Amino acid sequence: MTAALELVGLRVDFGGAPVVSGVSLSVERGECVAIVGESGAGKTLTARALLGLAPQGAHVAFDRLVVDGTDAARLGERGWRALRGARIGLVSQDALVSLDPLQRVGSEIAEPLRLHGLATGRAALREKVQDLLHRVWMPDAARRARQYPHQLSGGLRQRALIASAIAAEPAVLVADEPTTALDATVQARILGLLRDIADAGTAIVFISHDFAAVRRIADRVLVMRNGIVVESGPVDEVLEKPQHEYTRQLIAATIHEPRAEREGTAEPVLVAAGVTKAFGDLVAVQNASFSVAAGRTLGIVGESGSGKTTLARMIVGVEDADDGGLRWIGQHRVQLVHQNPLGAFDPRWTIGRSLREALAAGGVPRQQRAARVVELLAEVDLDPTLASRRPIALSGGQRQRAAIARALAAEPEVLVLDEPVSALDPSVREKVLQLLLRLQRERELTMIFVSHDLDVVGAVADEVLVMQDGVIVEQGAVTDVFAAPQHPFTRELLEANRPVSP
């Protein structure tokens, strides 16, 4: 059988400096081949090269590139325009950016049909768009087709993007990090949908930094690092018996055992009773009651819109409850670590200046601040020389460590962390999680850890609250909730981490 996609000897360089070297792969119809690696591995450059979309300044060369029987290695832009959409389609990570904000969803999906002459006339286009939306399991498809992208949730936008990508029935679909920003249950549905598309005969190239997602959807996998493929093979073989040390590290970073139950009891530092918060007609948190034990970690897990971030904001005092109460037992300094440290830091200031400001707010005398900055950076495993850099000059993992250092500057007893590792690569995420566990031991910190990822919460939390639509539907020790979930939504979250059967 002729492969739907055949790539041999891909090379990408910028100004003579190679960034992708000698990448080769083939994908049969009905097969999903994953390319996995961390940021900077070269996987997205490889994906763009498959679509003839080289970034500005890049020099791209192939020994061979065949897409659905067409020799694409020497195509010009005109030839690529005819090929893209019709023979090979793209599903990108950020559907809100990829979809035209000024165009209704139905019109966006109809565009490739018009461009490639696959449907003409308003009635025929409308019927085909509805068929495509039903194919991607879009609820209330007729209404969604009339809406704009910003009116859809992340999961629905991703479905619309997939519908647009498969409109012309391409033989090959390149999915570049299509589920990274999605909640666990939504991610599971999108992965299931992509697997269905593969099973129906489309060849899929699935780009990801997440081995857990690859485990759930792919038949074969290529592991990339620094622009080269370090390991490849059937998914089961690579995952069960990885040969390369880097592959072993990536796999280990995606597997967490629930945190062992600690002996003894701890007195509560915070008690919540019937806490409720609404924004207009929207009830964000409803009748939440729980307690947080001293020196322990409480995980709060749920999907986007579940109310977990609103609850965290009330804990740190940014929002006030409409009803019920949050009662601190004793005097405690509480600090918040944001999900996006790049947005939380002043981009004009160096990291050192931001830390000095936090120390000043905490009452540290001016003459002691420079030494304390060095100590704080060392405590979060950052080189003190990074103090002279601005946030944009740090990697994602370095910025998150700097954000934790800034939170520690005030000598808090309680840390509230809102999705602190969701945007990080697996090995970086693992290092930050281990850092938090170490800091908790050394400083005897109480932590409240907010996440949509049940696996990550399980790695660091002692107790867990599961939230759905503003309501705590289940709570208890992590070991108990993970071993025997009582609520259907908790079971759905746990199920979302299991493989999709090919």
Side-chain angles (χ1 to χ4, degrees), residues 136-139 153-156 158-159 178-196 208 210-218 235 239 253-261 272 283-292 296-312 418-419 421-422 426 429 433 448-502:
V136 297
W137 302 99
M138 179 74 80
S153 69
L156 294 182
Q158 203 62 289
R159 288 168 191 261
T179 61
T180 295
L182 302 179
D183 294 326
T185 54
V186 179
Q187 182 186 82
R189 294 180 195 121
I190 296 299
L191 291 174
L193 170 61
L194 290 171
R195 184 67 245 182
D196 288 343
S208 182
D210 186 354
F211 246 126
V214 168
R215 182 191 298 269
R216 303 183 63 247
I217 185 176
V235 166
L239 294 182
T254 64
I255 300 171
H256 296 108
E257 293 295 327
R259 189 171 184 174
E261 194 167 348
V283 179
V285 177
Q286 184 173 345
N287 199 31
S289 298
F290 59 93
S291 64
V292 183
R296 305 293 170 89
T297 300
L298 174 70
I300 305 176
V301 72
E303 296 184 322
S304 299
S306 65
K308 59 187 188 297
T309 292
T310 299
L311 184 56
D418 188 8
E419 299 276 11
V421 296
S422 62
R429 179 180 64 198
L433 292 176
I448 297 163
F449 193 100
V450 178
S451 180
H452 67 261
D453 189 331
L454 215 60
D455 181 58
V456 167
V457 167
V460 297
D462 301 286
E463 303 276 328
V464 62
L465 308 180
V466 182
M467 296 190 70
Q468 183 183 33
D469 299 329
V471 177
I472 297 173
V473 297
E474 188 161 355
Q475 62 180 294
V478 165
T479 48
D480 295 338
V481 172
F482 275 42
Q486 301 300 304
H487 194 275
F489 179 65
T490 312
R491 290 196 289 269
E492 186 181 3
L493 281 176
L494 289 165
E495 185 66 29
N497 287 318
R498 299 195 174 100
V500 175
S501 298

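Computed from a prediction, not measured in an experiment: that's the story for all the values here. Position 1 is the first residue of the sequence, and the numbers go up from there.
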Show the numbers, then the answer: is there a side-chain contact (heavy atoms from CB on, under 4.5 Å) between Arg429 and Val456? CA-CA 9 Å; Arg429 179 180 64 198; Val456 167; 4.1 Å; yes
Please name the residue in the list Ile300, Leu298, Leu465 that meets the side chain to side chain contact (heavy atoms under 4.5 Å, CB included) test with Val450.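 The residue from Ile300, Leu298, Leu465 that satisfies side chain to side chain contact (heavy atoms under 4.5 Å, CB included) with Val450 turns out to be Ile300.
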Report the residue from Asp418, Val301, Val457 that forms a side chain to side chain contact (heavy atoms under 4.5 Å, CB included) with Phe449.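 So the option named by the test is Val457.
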Side chain of [X], backbone of [Y]: donor and acceptor closer than 3.5 Å?
| X | Y | result |
| --- | --- | --- |
| Gln475 | Val464 | no |
| Arg216 | Leu191 | no |
| Arg159 | Met138 | no |
| Gln158 | Pro178 | yes |

Could you state the interatomic distance from [atom1] ([X]) to [atom2] ([Y]), rounded to the nearest 0.5 Å?
| X | Y | atom1 | atom2 | answer |
| --- | --- | --- | --- | --- |
| Lys308 | Met467 | NZ | CE | 9.0 Å |
| Leu193 | Trp137 | CG | CH2 | 9.5 Å |
| Asn287 | Ile472 | CG | CD1 | 8.5 Å |
| Arg195 | Ile217 | CZ | CD1 | 6.5 Å |
| Ser291 | Arg296 | OG | CZ | 11.5 Å |

Shortest non-hydrogen separation from [X] to [Y] and the atoms involved:
| X | Y | value |
| --- | --- | --- |
| Gly299 | Ala461 | N-CB, 3.7 Å |
| Leu156 | Pro139 | CD2-CD, 3.6 Å |
| Ala253 | Pro426 | CB-O, 3.4 Å |

Under 3.5 Å, is there a donor-acceptor pair between the Gln468 and Ser306 side chains?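 Short answer, no.
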Validation: residues 477-487 side-chain donor-acceptor distances under 3.5 Å, sequence neighbours left out:
from, atom 1, to, atom 2, distance (Å)
Thr479, OG1, Glu261, OE1, 3.4
Gln486, NE2, Ala484, O, 2.8
His487, ND1, Phe489, N, 3.0

Flag side-chain contact, heavy atom, 4.5 Å: Thr297 against Ile448: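 Answer no - side chains too far apart.
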Do Asp453 and Asp455 have side chains that get closer than 4.5 Å, going by heavy atoms?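 Yes - at least one pair of side-chain heavy atoms lies under 4.5 Å apart.
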Assess the residue pair Arg189 and Glu492 against the criterion (salt bridge (charged side-chain N to carboxylate O under 4.0 Å, His left out)); give the C-alpha distance rounded to whole Å, side-chain angles, the decisive distance to 0.1 Å, and a yes or no. CA-CA 11 Å; Arg189 294 180 195 121; Glu492 186 181 3; 2.7 Å; yes
